[in-house]
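Model, not experiment: these values are computed from the prediction. Counting starts at 1 for both ligands and their atoms, following the listed order.
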Amino acid sequence: MSENVLLERRGRVALVTINRPDKLNALNIATRKELAEALDELRHDEEVRVAVITGAGEKAFVAGADISEFAGRTAVQQRAVMKTRNIFVTAEDFPKPLIAMINGFCLGGGCELALSCDIRIASDRARFGQPEINLGIIPGGGGTQRMARLIGEGKTMQMVLTGEMIDAQEAYRLGLVNEVHPAAELETKTMEMANRIAEKSPVALAMAKTSVKNAARMNLREGLDQEVDLFALCFSSEDKEEGVRAFLEKRKPEFKGR
Ligand code: COA
């Protein structure tokens, strides 16, 4: 793969590690490109059913965009960088469940990357923030949008306007993360959940993910209508037959993703 992003397959779960620990895994252009390429590769890998994104080292998940690349950049150049390959949209549109395993600083674009994942599991040492305001800019990777949809406008305003960091317990209290675990147990707990999800039907997982995402993209009536369509579409899969048959035969289903 590449040096900035490591890709490891552990059975049905893939572990994607952003690997610039000496720069707290800050997202420079090369890292963004390699992260998008890693997700592209996993998207088409039928063996992989769930992906986990984390940061290398003990200190950071991702400490944000690489600030050193901001200096001297024009508005037009910056827009091109953000539009060319938007990793946040790439992550959000990844068709399989994506879990952020947050092992440390989760700031700026790092917090936005976590927000673009489906589930966020944090270490008790993790710290969260949208500190862009301190640089005279604002979040540009969905921080004002996805966070407001996840935890509400008032709490997001506080994060974005103060730029202050919060700890993992506070992030849990706000609903920013799903679970918090002692640092030593973070990987085990995250992988346990990833493996539990990986046992489900990949067809149903994809439909479920799309349908839940639609809640933030559509009005209620459109979302409900599309939920019915996606529910019905599951009836075209072999996995649905297997799931129902296994229940009736009192055994564990074996989903094949067809
Ligand atoms: N972009 C580029 N480099 C970064 C970075 C970022 N977002 N975050 C950290 N780094 C680099 C530091 O410059 C330093 O590099 P150096 O050793 O070559 O000087 C290295 O990572 C370690 O960071 P350091 O600041 O020494 O660690 P710390 O423990 O003292 O502080 C933070 C940690 C997270 C509080 C601090 O690094 C920070 O504020 N980072 C920027 C966070 C931010 O504003 N992100 C949003 C960007 S839009």
Side-chain angles (χ1 to χ4, degrees), residues 2-6 16-36 38 53-92 100-117 120-148 150-151 155-172 174 176-177 180 183 186:
S2 58
E3 57 188 43
N4 294 309
V5 174
L6 308 175
V16 180
T17 304
I18 298 168
N19 186 37
R20 297 183 76 209
D22 53 329
K23 296 290 178 192
L24 305 189
N25 304 317
L27 298 169
N28 60 2
I29 291 178
T31 306
R32 284 165 191 257
K33 180 170 173 286
E34 290 168 28
L35 177 59
I53 298 184
T54 195
E58 308 228 311
K59 223 172 144 181
F61 173 67
V62 169
D66 191 317
I67 299 170
S68 66
E69 290 183 340
F70 286 171
R73 212 184 249 170
T74 66
V76 173
Q77 287 167 337
Q78 182 60 30
R79 187 169 185 273
V81 168
M82 293 167 86
K83 290 270 182 185
T84 304
R85 195 70 209 261
N86 186 319
I87 50 162
F88 309 106
V89 173
T90 303
E92 187 173 73
M101 182 165 83
I102 302 162
N103 50 314
F105 286 115
C106 181
L107 304 173
C111 195
E112 291 170 312
L113 180 61
L115 285 164
S116 304
C117 294
R120 286 152 290 279
I121 313 288
S123 142
D124 57 0
R125 292 199 208 133
R127 302 193 72 196
F128 299 78
Q130 294 290 163
E132 292 88 345
I133 204 83
N134 299 322
L135 301 172
I137 56 177
I138 69 167
T144 66
Q145 300 302 298
R146 292 193 186 91
M147 190 185 289
L150 185 67
I151 67 171
K155 295 169 194 165
T156 302
M157 280 292 186
Q158 190 173 345
M159 296 289 288
V160 170
L161 300 185
T162 68
E164 288 164 7
M165 281 191 240
I166 57 171
D167 64 17
Q169 284 306 333
E170 179 68 358
Y172 179 72
L174 295 181
L176 195 54
V177 299
V180 178
L186 176 67

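- Environment of NZ in Lys33: sparse, with no more than 12 heavy atoms of neighbouring residues, nucleotides or ligands closer than 6.0 Å.
- Applying the side chain to side chain donor-acceptor pair (under 3.5 Å) test to pairs two or more places apart or on separate chains, those with a residue in residues 131-145 are Gln130-Glu132, Gln145-Arg149.
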Every pair of nitrogen or oxygen atoms between ligand 1 and the protein that is under 3.5 angstrom apart - can you list them with their distances to 0.1 Å?
residue, atom, partner, partner atom, Å
ligand 1, 1 (N), Ala65, O, 3.3
ligand 1, 1 (N), Ile67, N, 2.9
ligand 1, 7 (N), Ala63, O, 3.0
ligand 1, 7 (N), Ala65, O, 2.9
ligand 1, 15 (O), Lys23, NZ, 3.4
ligand 1, 18 (O), Lys23, NZ, 2.5
ligand 1, 21 (O), Asp22, O, 3.4
ligand 1, 27 (O), Lys59, NZ, 3.3
ligand 1, 29 (O), Lys59, NZ, 2.6
ligand 1, 45 (N), Ala63, O, 2.9

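- Under a cut-off of 6.0 angstrom, the local environment of CD in Gln158 is sparse, with at most 12 non-hydrogen atoms contributed by other residues, nucleotides or ligands.
- For the residue pair Cys117 and Arg120, the shortest heavy atom distance occurs at O-NH1, 3.0 Å.
- Heavy-atom minimum distance, Phe88 versus Leu113: CE2-N, 3.5 Å.
- Enclosure of atom CD in Glu170 by more than 12 non-hydrogen atoms of other residues, nucleotides or ligands within 6.0 angstrom is indicated.
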